[in-house]
Protein chains: 2
Amino acid sequence: MQSRQYDYRYGCSVEATLDVIGGRWKGVILFHLMEGTKRFNELQRLVQGCTQRMLTLQLRELEKDGVVKRTVYAEVPPKVEYSLTEFGRSLEPILLMMRDWGDRYVSQLVEQKSKVGVGFD
Amino acid sequence: MQSRQYDYRYGCSVEATLDVIGGRWKGVILFHLMEGTKRFNELQRLVQGCTQRMLTLQLRELEKDGVVKRTVYAEVPPKVEYSLTEFGRSLEPILLMMRDWGDRYVSQLVEQKSKVGVGFD
DNA sequence: CTGTATCCCCTATGATACTG
DNA sequence: CAGTATCATAGGGGATACAG
């Protein structure tokens with residue numbers, strides 16, 4: 001879910017939010033950044049399954065969208081830190097609710113597997 | 001963002017939520033269903049830019065994930081209604097926050113276009 | 001009215017190797 | 001350490017036509 005052009009007219013602003021946080025790894029990245037500033041390799045350990053390349057790409061988009069800040073230290077070996085911008089922190093309540101809802105969703109899946117034939121309603 | 005297999009181990013439950021609501025049109029569909037039950041063609045009018053095919057596909061996935069209920073009436077011409085399940089309604093607070101955040105995000109984009117050179121921080 | 005069925009394309013993502 | 005560069009691919013998504 002690459003963000004669209006700036007002048008794109010969102011039919012509904014939920015769409016806009018999804019454009020920012022809807023990428024394959026973005027939710028998880030943002031979630032971990034809520035805890036505080038992280039270095040690139042820290043994130044790589046935290047965001048299980050995400051390749052180095054994808055981590056870079058998703059971070060770049062989050063940066064472009066103004067929710068993540070990238071800080072490069074002029075050191076050898078290189079040191080780069082990622083953190084939420086103030087605007088990015090305004091996503092925190094959403095991320096927390098998403099985590100909670102996700103927990104309940106996963107529980108439901110487990111339950112559903114034990115009780116076969118019981119659907120939703 | 002097709003939902004993964006039921007036994008998939010999410011590294012972080014934010015991921016699970018994004019799997020359910022992160023599809024190209026899902027957020028918008030769910031948002032409109034918050035307002036109440038809608039027929040297929042109503043949704044098609046509401047979800048601007050979504051093709052008939054995509055609307056069908058996304059609705060099917062939302063149904064499979066247990067957040068949307070599909071009701072078929074045995075009539076001619078056919079009548080099909082979509083609504084949120086009870087579980088789906090538990091997404092409402094998230095969707096509302098996403099709408100609000102999206103509004104602020106879009107405002108920021110507009111502002112950014114007028115003040116060129118002013119970045120985030 | 002509410003969908004399927006095809007065809008097709010492009011982009012998001014992955015795997016792997018290389019670098020300042 | 002923190003990335004690029006390349007190559008490859010699945011499938012998400014669009015356009016269009018057809019159907020019960």
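Here is how names work: the chains are called A, B, and so on, in the same order as the sequence lines, proteins then strands, and each is numbered from 1.
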What is the separation between atom [atom1] on [X] and atom [atom2] on [N], rounded to the nearest whole Å?
X      : N       : atom1 : atom2 : answer
L57(A) : dT4(D)  : CG    : P     : 8 Å
L18(B) : dT13(C) : CG    : P     : 11 Å
E15(B) : dT13(C) : CD    : P     : 12 Å
I29(B) : dG13(D) : CD1   : P     : 11 Å
M54(B) : dC10(C) : CE    : P     : 17 Å
E81(A) : dG3(D)  : CD    : C1'   : 16 Å
Q52(B) : dC18(D) : CD    : P     : 14 Å
E61(B) : dG11(D) : CD    : C1'   : 11 Å

With respect to the phosphate group of [N], does any side-chain polar atom (N or O) of [X] fall under 4.0 Å of OP1 or OP2?
X      : N       : value
Y82(A) : dG3(D)  : yes
Q58(A) : dT13(C) : yes
R39(B) : dG3(C)  : no

- Charged tip of K79(B) within 45° of Y73(B) ring normal and under 6.0 Å: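 Checked: cation-pi criterion met.
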
- Message: If you assign R53(A) and K79(A) each to the DNA chain D nucleotide with the nearest heavy atom, which residue ends up on the more 5' nucleotide?
- Response: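 Closer to the 5' end of DNA chain D: K79(A).
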
What nucleotide, of [options], holds the atom closest to the side chain of [X]?
X      : options                   : answer
W25(A) : dG14(C), dC1(C), dA2(D)   : dG14(C)
R70(A) : dG3(C), dG3(D), dG13(D)   : dG3(D)
P78(A) : dG13(D), dG14(C), dG20(C) : dG20(C)
R24(B) : dC1(C), dG3(D), dG13(D)   : dG13(D)
T51(B) : dG13(D), dT13(C), dG14(D) : dG14(D)

- Message: I'd like to know if the side chain of Y105(A) pairs up with that of D65(B) as donor and acceptor (distance under 3.5 Å, no hydrogens or angles considered).
- Response: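 Distance-only check passes for Y105(A) and D65(B).
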
- Message: Once you apply a heavy-atom cut-off of 4.0 Å, does Y73(A) come out as touching a base, just sugar-phosphate, or nothing?
- Response: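 It contacts nothing in the nucleic acid.
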
- Message: Can you classify the ring geometry of F87(A) versus W101(B) as parallel (below 30°), tilted (30 to 60°) or perpendicular (above 60°)?
- Response: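 Plane angle under 30°, so parallel.
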
- Task: Using heavy atoms to find the nearest nucleotide of DNA chain C for E42(B) and C50(A) separately, return the residue whose nucleotide is more 5′.
- Result: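 Nearest nucleotide further toward 5': that of E42(B).
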
- Message: Ring centres under 6.0 Å, that's the criterion: do W25(B) and F31(B) meet it?
- Response: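 Ring-ring flag for W25(B)/F31(B): false, centres at least 6.0 Å apart.
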
- Message: Within the supplied structure, the quantity of interest is the number of heavy atoms (other residues, nucleotides, ligands) at a distance under 6.0 Å from E75(A) CD; does it exceed 12?
- Response: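 Enclosed: over 12 neighbouring heavy atoms sit under 6.0 Å from CD of E75(A).
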
